[in-house]
Q: 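Supplied in structure tokens, the structure appears directly below.
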Protein chains: 2
Amino acid sequence: MLNVNEYFEGQVKSIGFESGGERASVGVMLPGEYTFATAAPERMTVVKGAMTVKLPGHIDWETYYPGDDFEVPGDASFHVKVEKETAYLCDYL
Amino acid sequence: MLNVNEYFEGQVKSIGFESGGERASVGVMLPGEYTFATAAPERMTVVKGAMTVKLPGHIDWETYYPGDDFEVPGDASFHVKVEKETAYLCDYL
């Protein structure tokens, strides 16, 4: 099953899927600033574009490029700034 | 703008976008066998899963894994077999 989801009034869209028992999604963010809440821990990998991120408990923002990834604990939130359309893979850990 | 598209009765879904003037899409394929037609040339990059591909003019099938890419000329078609849910990035060249 492929589940299309929209967030932030359609500024972010994703397709959720399960591959070999692992849950994941790919998505795209339009330029903007977003706060995402996690239920389970997840690993985000930039696929195209760039993502500037402030992780929970961090003071600094860090920019991630295609191929870069970062992990976010469950039951947390993280902040993302995107200057151009950015595609990502989210693996639920 | 983020354009969600469905192909093959919803077995393949994608999100089209433009990033820095480049058109691209990310998508997910459910297990199955598909023939895609290209208008413009494109580069496909596997994001998660695996994709076994027969390119136009080729006799052999080749399997691509996350991070691998292949290019397809415009106005052509290529065949894809997917054994598990597979996510990809498509860059229009």
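Heavy atoms only: backbone and side chains are in, while hydrogens, waters and symmetry mates are out. Numbers restart at 1 for each chain; the letters A, B, ... are given by sequence-line order, proteins then strands.
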Q: Is there a side-chain contact between B/Met29 and A/Phe17 in this structure, where contact means two heavy atoms from C-beta onward sitting under 4.5 Å apart?
A: no
Q: Would you enumerate the inter-chain donor-acceptor pairs between chain A and chain B whose distance is below 3.5 Å?
A:
| residue | atom | partner | partner atom | Å |
| --- | --- | --- | --- | --- |
| A/Leu2 | O | B/Lys13 | NZ | 3.1 |
| A/Lys13 | NZ | B/Leu2 | O | 3.1 |
| A/Ser19 | OG | B/Glu85 | O | 2.6 |
| A/Glu22 | OE1 | B/Lys48 | NZ | 2.9 |
| A/Lys48 | NZ | B/Glu22 | OE1 | 2.9 |
| A/Lys48 | NZ | B/Asp91 | OD1 | 2.7 |
| A/Glu85 | O | B/Ser19 | OG | 2.7 |
| A/Asp91 | OD1 | B/Lys48 | NZ | 2.7 |

Q: Is there a path of hydrophobic side-chain contacts, each under 4.5 Å between heavy atoms of I, L, V, M, F, W or Y residues, that connects A/Phe8 with A/Val80?
A: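 Both belong to a single hydrophobic cluster.
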Q: Using every non-hydrogen atom in the two residues, find where A/Gly49 and A/Pro66 come nearest and quote the distance to one decimal.
A: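 Where A/Gly49 meets A/Pro66 most closely, the heavy atoms are O-CD, 3.1 Å.
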Q: Counting heavy-atom pairs under 4.5 Å to chain A, which of B/Ile15, B/Val26, B/Val47 comes out on top?
A: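 Highest number of pairs under 4.5 Å: B/Ile15.
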Q: Can you tell if the side chain of A/Leu55 reaches within under 4.5 Å of the side chain of A/Val72, non-hydrogen atoms only?
A: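 Heavy-atom side-chain distance check passes, below 4.5 Å.
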